[in-house]
J.: 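Sharing a structure, written as structure tokens. Questions coming.
Only a predicted model underlies this, so the values are computations on that prediction, with no experimental measurement involved.
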2 protein chains.
Amino acid sequence: MTVIFSKQCEIALQAVLFLSIKKDKIIYKATDISKELKVPKEFVSKMLQKLTYSGIVGSKKGKKGGFYLAKRPSQIKLIDIVKAIDGLEIFNKCVLGFPGCSSEEPCPVHETWGKIREETYEMLSKESLEQLKEKTVSKLLKI
Amino acid sequence: MTVIFSKQCEIALQAVLFLSIKKDKIIYKATDISKELKVPKEFVSKMLQKLTYSGIVGSKKGKKGGFYLAKRPSQIKLIDIVKAIDGLEIFNKCVLGFPGCSSEEPCPVHETWGKIREETYEMLSKESLEQLKEKTVSKLLKI
DNA sequence: TCTTAAAAAGAATTTTTTGTCCTTTAAAGA
DNA sequence: TCTTTAAAGGACAAAAAATTCTTTTTAAGA
């Protein structure tokens with residue numbers, strides 16, 4: 001089981017972080033990214049394709065083709081990737097799964113979860129890839 | 001998609017909350033609980049069976065049989081149900097899915113998520129069903 | 001004791017998610 | 001122009017999760 005994001009979303013986030021620590025618009029092919037992330041090439045490219053529709057990454061076909069960030073790292077937030085892959089549904093649903101959970105008819109942890117949810121949203125939307133860069137490098141240094 | 005718990009875990013949590021607002025050791029059959037929670041009887045009873053192995057609920061077969069809390073509401077925390085159904089894995093895994101994420105080799109949101117994770121754990125372990133009772137009643141009043 | 005009602009157990013099915021493969025399209029460069 | 005390489009896209013396979021069905025066991029009470 002994953003923590004909160006789907007496996008697909010995790011891979012998408014990892015792939016974008018990978019691209020964010022590289023120089024602007026340098027192209028990486030799916031094979032290279034997949035090796036680094038240790039997941040199947042097809043899976044990575046599927047995710048990067050989805051992010052291409054969303055305009056977050058760009059792609060180039062053919063020899064010397066691959067993927068690159070379509071925007072500046074300062075213009076991309078992790079929440080953009082989450083939005084593109086999993087959607088923002090999790091930020092609107094009851095953590096205990098109760099239908100119709102709201103401030104009028106709250107579940108027992110409604111308020112507490114509301115705060116945690118906001119912190120989570122903030123974690124994903126406060127800093128851009130640019131600002132996360134240092135922290136990312138320390139994780140993905142090896143390449 | 002669910003927020004953080006599996007569907008099974010959500011149902012288990014809801015079922016236990018249902019039982020917690022009733023009088024001690026009063027028996028409810030799966031059918032009644034399933035009607036209230038608006039999910040199939042078989043699904044509810046599967047979950048309650050799992051919680052029976054864990055000693056959180058008790059069960060009685062045959063006519064007038066059903067399920068009841070095996071401990072006092074003051075002795076049960078939501079985290080116990082999560083532990084029994086989904087396990088505590090989510091409290092030990094990288095939210096971005098990076099393998100080997102740790103304070104030595106942190107992902108870009110490692111620290112922030114660490115705090116959020118703790119708050120989440122606390123939300124589930126601080127108050128007992130006894131203490132949550134009021135809040136639960138306001139949600140599950142109708143019965 | 002017999003009938004009925006309910007959980008327990010496990011098998012079977014369906015749905016969703018994840019992962020693979022194959023064909024098409026596009027670009028680079030010889 | 002031809003060959004090679006890579007993404008795009010679709011179809012499919014495998015695995016996991018959710019849901020349903022069937023049978024067995026147990027207890028209540030007539």
Side-chain angles (χ1 to χ4, degrees), chain A residues 1-16 19 25-35 37-70 84-87 89-90 97, chain B residues 1-16 19 25-35 37-70 82 84-87 89-90 97 99:
Chain A
M1 240 193 32
T2 55
V3 180
I4 37 175
F5 308 123
S6 68
K7 192 88 194 295
Q8 301 198 349
C9 192
E10 287 184 356
I11 298 306
L13 286 162
Q14 292 178 22
V16 167
L19 291 172
K25 300 241 173 176
I26 285 206
I27 286 187
Y28 284 86
K29 49 186 180 178
T31 315
D32 294 341
I33 305 173
S34 87
K35 269 182 196 146
L37 304 180
K38 296 175 186 69
V39 287
K41 185 196 88 197
E42 292 84 0
F43 202 22
V44 173
S45 41
K46 278 277 151 64
M47 291 312 109
L48 288 169
Q49 277 164 36
K50 287 195 187 180
L51 295 178
T52 307
Y53 315 144
S54 319
I56 298 165
V57 311
S59 70
K60 206 183 148 204
K61 284 189 178 181
K63 216 168 189 176
K64 304 246 166 157
F67 296 95
Y68 55 90
L69 292 186
I85 307 291
D86 280 352
E89 230 195 328
I90 56 159
Chain B
M1 239 193 31
T2 55
V3 181
I4 38 174
F5 308 123
S6 68
K7 192 84 194 297
Q8 301 200 350
C9 192
E10 287 184 355
I11 298 305
L13 285 161
Q14 293 179 21
V16 166
L19 291 172
K25 299 240 174 175
I26 283 206
I27 286 187
Y28 284 85
K29 47 186 182 177
T31 317
D32 294 341
I33 305 173
S34 87
K35 269 181 198 144
L37 304 180
K38 296 176 184 66
V39 286
K41 187 196 88 195
E42 293 83 0
F43 202 20
V44 173
S45 43
K46 273 279 148 63
M47 291 313 111
L48 288 169
Q49 276 165 38
K50 287 195 189 182
L51 295 178
T52 307
Y53 315 145
S54 320
I56 297 165
V57 312
S59 70
K60 205 184 149 204
K61 283 189 179 181
K63 216 170 188 177
K64 304 245 167 158
F67 297 95
Y68 55 90
L69 292 187
V82 173
I85 307 292
D86 280 353
E89 231 194 330
I90 56 158

J.: Could you tell me how far apart B/L48 (CG) and C/dA9 (C1') are, to the nearest whole angstrom?
T.: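 In whole Å, C/dA9 C1' lies 15 Å from B/L48 CG.
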
J.: Base, backbone or nothing for each nucleotide of nucleotides 20-30 of chain D, written B, S, -, heavy atoms under 4.0 angstrom, 5' to 3'?
T.: BB---BBBBS-

J.: Where is the tightest heavy-atom contact between A/I27 and A/K64, given as atom of each residue plus distance?
T.: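 Looking at all heavy atoms of both residues, the closest pair is CG2-O, 3.9 Å.
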
J.: Find the distance between CG (B/L51) and CZ (B/F67) and round it off to the nearest 0.5 Å.
T.: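 Those atoms lie 9.0 Å apart.
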
J.: Please give, in whole Å, the distance from C/dT18 P to A/M47 CE?
T.: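 The distance from CE of A/M47 to P of C/dT18 comes to 8 Å, rounded to the nearest Å.
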
J.: Give the minimum heavy-atom separation between A/A70 and A/G58, together with the two atoms involved.
T.: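 Closest heavy-atom pair between A/A70 and A/G58: CB-N, 3.7 Å.
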
J.: Output the rounded distance in Å from CG (B/L51) to P (C/dA7).
T.: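 In whole Å, C/dA7 P and B/L51 CG are 14 Å from each other.
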
J.: Atom NZ of A/K7 to atom C1' of D/dA14: distance rounded to whole Å?
T.: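 About 14 Å, once rounded to whole Å.
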
J.: May I have the distance from B/I33 (atom CD1) to C/dA6 (atom C1'), rounded to whole angstrom?
T.: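 Roughly 12 Å, once rounded to whole Å.
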
J.: Identify whether any heavy atom of A/S59 sits under 4.0 Å from a base atom; if not, whether one sits that close to sugar-phosphate; answer base, sugar-phosphate or nothing.
T.: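 Result for A/S59 = sugar-phosphate.
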
J.: For B/I85 and D/dA17, what is the distance between atoms CD1 and P respectively, to the nearest whole Å?
T.: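 Distance, rounded to whole Å: 14 Å.
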
J.: Minimum heavy-atom separation for B/E10 and A/G97, please, with both atom names.
T.: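 Of all heavy-atom pairs spanning B/E10 and A/G97, the closest is OE1-CA, 3.3 Å.
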
J.: Does A/Q8 or B/K41 map to a spot on DNA chain C nearer the 5' end, using the closest nucleotide for each?
T.: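 First, find each residue's nearest nucleotide; the 5'-ward one identifies B/K41.
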
J.: How many angstroms lie between atom CD1 of B/I85 and atom CD1 of B/I56, to the nearest 0.5 angstrom?
T.: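 Separation between the atoms: 7.5 Å.
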
J.: Assess the residue pair B/S59 and B/L48 against the criterion (side-chain contact (heavy atoms from CB on, under 4.5 Å)); give the C-alpha distance rounded to whole Å, side-chain angles, the decisive distance to 0.1 Å, and a yes or no.
T.: CA-CA 9 Å; B/S59 70; B/L48 288 169; over 6 Å; no

J.: Less than 3.5 Å apart, any donor N or O on the side chain of A/K46 or A/Q8 sitting next to an acceptor on the other?
T.: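 Judged by distance alone, the side chains do not pair up.
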
J.: Can you tell me if the side-chain N/O atoms of B/Q49 get under 4.0 Å from OP1 or OP2 in C/dA7?
T.: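 Looking at the OP1 and OP2 atoms of C/dA7, neither is under 4.0 Å from any side-chain N or O of B/Q49.
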
J.: With respect to the phosphate group of D/dG9, does any side-chain polar atom (N or O) of A/Y53 fall under 4.0 Å of OP1 or OP2?
T.: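 For A/Y53, the contact criterion (side-chain N or O under 4.0 Å from OP1 or OP2 of D/dG9) is met.
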
J.: Let's see if you can work this out: which of D/dA8, D/dT19, D/dA6 has an atom nearest to the side-chain heavy atoms of A/F67?
T.: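 Of all the options, the side chain of A/F67 is nearest to D/dA8.
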
J.: What is the distance, to the nearest angstrom, from the CG atom on A/D86 to the P atom on C/dT17?
T.: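 It works out to 9 Å between those atoms.
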
J.: Which whole-number value in Å describes the distance from A/Y68 OH to D/dA6 C1'?
T.: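 After rounding, the gap between these two atoms is 14 Å.
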
